[in-house]
*Asks:* 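Submitted below is the structure of interest, expressed as structure tokens.
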Amino acid sequence: MSQPPGRLRPETDDHDTGGFFAAAAREELAVCACAACGAVLHLPRAYCARCGSWDTVWRTVAGRGRLYSWTTVEHQVHRSFPVPYTIVLVELDDAPEARLVGYLPGRPELTAGMAMRVWFEPVDDEGTLLPQWIPEPETEGA
Amino acid sequence: MSSAADRDRCAISGIGATEFSSDSGRSALSLATEAALAAIADAGLTSVDVDGIVRCDLDAVAHNDLAEALGLPDLTYWGTSGPGGAAPGGMIGQAVGAIRSGQANAVLAFRALNGRSGARFGQAGSGPGSGAGSGGGRRVGGGGKYDEFFAPYGLVAPGHLFSLLARRHMIEFGTTEEHLGHIALACRARANANPAAQMRDRSLTMEEYLGARMISSPLRLFDYCLETDGACAVVVTSRERAGDGPHPPALIRAVAQSAGPEPQVGFLYPTLMRKSLTTQTSKSLAETLYRRAGLGPDDVDVAQFYDCFTITVLLQLEDYGFCAKGEGGPFAASGAIDKGGSLPINTSGGHLSEGYLHGLNHVVEGVRQIRGTSTSQVPGAEVCLVTSALPVTTSGLILRRP
Ligand SMILES: [Zn+2]
């Protein structure tokens, strides 16, 4: 995936969201969840409003999902992202409460609900990995 | 403003606006001052009478800046009510609350920006990265912003978010680009009748709409609102006081704000985590607003919908109950939203074709409809719905003729 240097990198040491990027650095996809009631807390936060627990965990998920929506950007607004490129929104198979965003270069052929698989893209030489999504050839029915 | 006792007790008695342009050559404070002076004079008041100012969080002009510029003897009430376009309904609500509780007698609500020649939306953070030596660029997010989940993927402009909402609406309901085009065309036709609209001289056909360049699919150039330099202001007073002014008061029937049943963090992009992307905060807002007003969609004669994008209007047509969920496209294409239709919308041209004043020009146009002075006047209009931006939070109001 070729993008120009100087692209935006995620802040990885936030109190509430850092665990997501810590997992990504191990090439694992994880969502924040309530340790007491199991509710997925995405976007990540420290407190579960459903059951009142402050006990949260980072739950590793499979890294597979379905394409929920997308847009192909044709008009450039940010120097880090030359057009055309495509932003995908993916609903996770094993945590549908969580949707994650991904970047694809160009104008890929996409269809709603298609299977997507995570991969981890290095975005600097400090070990920051960004979870990304690519279409996965359908092998199991559907 | 939570009970029937508050209905129609306050009114918008004055409206003002500057020229809408692409390069004002003036400061935002200068623009705000001109619009405010016009609104105060339109209300039959002088600056000495104004004791309250409400604004949105994003305005470069602070309440005390405008108080100084206007020479107010004392400013005894001020407030802010959320970011940019989401604010106007809340601003009017704050004004009503201040007047009803005796904290103010005459409150200015305003929005001033050099939205084209100054800082443009969607351009924030586009400077060079600061990560030299690390092989990476600037770090984004953290500190409760949550941008780390969006910006590194190129999701960096409001249009990208609304394109994702539009695509999802197409997936779920079969909405088409032509459906969205009918909204752009309706707003443009109203602007063509409005000498103050930026697009007064530029007509738009469906062929031109569909032939325009794609900005972020499925949204094209004319699905996007304008960028504008200018200012709008309104004066809110008690109904009694408004009755002393030169114009018929536009009674404030009800106001409401809503963060929805699933409040989201952040400013814009976290709305992508809502259970449904095709039902937005405008749904819960509408329920509260109609309940407070004692009115429903059938009572609305004309509506000024916040229209940062065409899809924003389509979602609201459904969420405010003018058609069933999923039917916004066919409803827009039916002619219902046009002049002579069952629900004429954005009669000054809206953000899509009049100017982008973050929802305050919608309030100004709502008052004109109640006064009977719009350039696309709906005959006999008695009830006007005015909405503010979605999706993370929103607000709105209903104006009524005395
Ligand atoms: Zn819990």
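Each chain gets a letter, A, B and so on, in the order its sequence line appears, and its residues count up from 1.
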*Asks:* When you measure from the side chain of A:R99 to the backbone N and O of B:R274, does any donor-acceptor pair fall under 3.5 Å?
*Replies:*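 A pair under 3.5 Å: yes.
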*Asks:* Would A:L89 and B:L277 count as a side-chain contact (heavy atoms from CB on, under 4.5 Å) here? Give the steps.
*Replies:* CA-CA 11 Å; A:L89 183 64; B:L277 294 191; 3.8 Å; yes
*Asks:* Side chain, backbone, both or neither: which part of B:V265 has an atom under 4.5 Å from a heavy atom of chain A?
*Replies:*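 For B:V265, side-chain heavy atoms alone lie under 4.5 Å from chain A.
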*Asks:* Please give me the minimum heavy-atom distance between B:P152 and A:P10, naming the atom from each residue.
*Replies:*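 Closest heavy-atom pair between B:P152 and A:P10: CG-N, 3.9 Å.
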*Asks:* Taking B:S217 for its side chain and A:T71 for its backbone only, find out whether a donor-acceptor pair lies under 3.5 Å.
*Replies:* no
*Asks:* Determine, step by step, whether B:R213 and A:E74 satisfy the side-chain contact (heavy atoms from CB on, under 4.5 Å) criterion, reporting the C-alpha distance in whole Å, the side-chain angles of both residues, the deciding distance to 0.1 Å, and the verdict.
*Replies:* CA-CA 9 Å; B:R213 66 193 173 95; A:E74 304 280 358; over 6 Å; no
*Asks:* Using non-hydrogen atoms and a 4.5 Å limit, figure out which bit of A:P131 sits close to chain B: side chain, backbone, both or neither.
*Replies:* both
*Asks:* Could you tell me which portion of A:P44 (side chain, backbone, both or neither) has an atom closer than 4.5 angstrom to a non-hydrogen atom of chain B?
*Replies:* both
*Asks:* Can a side-chain donor-acceptor contact be found between B:E148 and A:T17 if the only test is distance below 3.5 angstrom?
*Replies:*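 Checked: A:T17/B:E148 side chains pair up, N/O donor to acceptor below 3.5 Å.
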*Asks:* Can a donor-acceptor pair be found, under 3.5 Å and without considering hydrogens, that links the side chain of A:Y85 to the backbone of B:G154?
*Replies:*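 Yes: the side chain of A:Y85 pairs with the backbone of B:G154.
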*Asks:* Name the region of A:Y68, side chain, backbone, both or neither, that has any atom closer than 4.5 Å to a heavy atom of chain B.
*Replies:* both
*Asks:* Checking heavy atoms, do the side chain of B:Y146, its backbone, both or neither come under 4.5 Å from chain A?
*Replies:*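 Contact with chain A: side chain only.
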*Asks:* Of the backbone (N, CA, C, O) and the side chain (C-beta and beyond), which part of A:T111 lies under 4.5 Å from a heavy atom of chain B, both, or neither?
*Replies:* neither
*Asks:* Is the A:F81 to B:Y153 ring centre distance short of 6.0 Å?
*Replies:* no
*Asks:* Between A:R9 and B:R138 (side chain of the first, backbone of the second, donor and acceptor by atom type, cut-off under 3.5 Å), is there such a pair?
*Replies:*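 A pair under 3.5 Å: no.
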*Asks:* Check the side chains of A:T128 and B:R139 for a donor-acceptor pair under 3.5 angstrom, ignoring hydrogens and angles.
*Replies:* yes
*Asks:* Say you draw a straight line from CE of B:M214 to CZ of A:R107; how long is it, rounded to the nearest 0.5 Å?
*Replies:* 9.5 Å
*Asks:* Checking B:E172 against chain A: side chain, backbone, both or neither under 4.5 Å from a heavy atom?
*Replies:*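 B:E172 touches chain A through side-chain heavy atoms alone.
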*Asks:* Shorter than 4.5 Å, heavy atoms on both sides: which option in A:L100, A:D13, A:V101, A:T12 has the most such pairs with chain B?
*Replies:* A:V101
*Asks:* I'd like to know which of B:R168, B:K275, B:K145, B:H160 tops the heavy-atom pair count under 4.5 Å against chain A.
*Replies:* B:R168
*Asks:* Could you measure the distance from the CD1 atom of A:I87 to the CG atom of B:L272? Nearest 0.5 Å is fine.
*Replies:*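 So the gap between those two atoms works out to 9.5 Å.
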*Asks:* For B:F150 and A:L43, run side-chain contact (heavy atoms from CB on, under 4.5 Å): C-alpha distance rounded to whole Å, both residues' side-chain angles, the deciding distance at 0.1 Å, then the answer.
*Replies:* CA-CA 11 Å; B:F150 308 104; A:L43 300 164; 4.1 Å; yes
*Asks:* Return yes if some donor-acceptor pair links the side-chain N/O of A:S69 with the main-chain N/O of B:L164 below 3.5 Å, else return no.
*Replies:* yes
